[in-house]
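First the structure, in the form of structure tokens, and then the observations on it.
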Amino acid sequence: MSDAVDLQVVVEGAEAETHAVGLFNWLGSEDELRGRVRPQRRAPKPGEMGSAVELLTVAVGSGGAVAVLIQSVCTWLTSRGADVKVTVTTADGRRVEVDVRRAADPAAVLREVSEQFPPAVEGHGES
């Protein structure tokens, strides 16, 4: 996994910490993502006492893993039906936001991901 890239997955909305734990468990059940997902605490915002686990880091090394991540996030979101938003971000600031409405069309989200993260999506999974 020498080409591994860490993507940050942030869960926002009501009960974000609870949803982040649920998403962590959900992603961990995916064969391609097992062992690649780590929960983290975000830095507290001004005026906050502490931070909750609202951030997941996912190590991806191939287009297949990125596609599995996005597809899994979309499925998880639509199964929740809650007003939750998930943002996937790279270290250089590229990002894709997915909410329940957008998750209903995972193909559109995957097209956006392929535009935002072309090196991670194209070529790595091909043999």
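Source: prediction; values computed, not measured.
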Sorted by chain and number, sequence neighbours left out, side-chain contact (heavy atoms from CB on, under 4.5 Å) with Thr75 holds for Trp26, Gln71
Residue set satisfying side-chain contact (heavy atoms from CB on, under 4.5 Å) with Asp92, at least two apart, ordered chain then number -> Thr90, Arg94
Which heavy atom in [X] sits nearest to a heavy atom in [Y], and how many Å separate them?
X: Ala103; Y: Cys74; value: CB-O, 3.6 Å
X: Leu27; Y: Ser72; value: CD2-OG, 3.5 Å
X: Arg34; Y: Gly28; value: NE-O, 3.4 Å
X: Val84; Y: Leu77; value: O-CD2, 3.7 Å

With Leu7, the side chain to side chain contact (heavy atoms under 4.5 Å, CB included) member among Leu56, Leu69, Thr57, Thr89: Leu69
Just verifying a value: how many Å separate Leu110 CG and Asp105 CG, rounded to the nearest 0.5 Å? 9.5 Å
Run Asp6 and Arg38 through side-chain contact (heavy atoms from CB on, under 4.5 Å) and show every step you take. CA-CA 10 Å; Asp6 281 349; Arg38 298 181 315 271; 3.4 Å; yes
Whether Arg102 and Asp99 form a salt bridge (side-chain N of Lys/Arg under 4.0 Å from carboxylate O of Asp/Glu) is what I want to check. no
Using a strict cut-off of less than 4.0 Å between a Lys/Arg side-chain nitrogen and an Asp/Glu carboxylate oxygen, indicate whether Glu97 and Arg95 qualify as a salt bridge. yes
Does the side-chain contact (heavy atoms from CB on, under 4.5 Å) test come out yes or no for Val98 and Lys85, once each step is laid out? CA-CA 6 Å; Val98 186; Lys85 178 173 73 174; over 6 Å; no
Under the side-chain contact (heavy atoms from CB on, under 4.5 Å) rule, what do Val100 and Asp83 come out as? Steps first, then yes or no, please. CA-CA 7 Å; Val100 173; Asp83 189 18; over 6 Å; no
Counting C-beta onward and ignoring hydrogens, is there a side-chain heavy-atom pair between Val96 and Thr87 closer than 4.5 Å? no
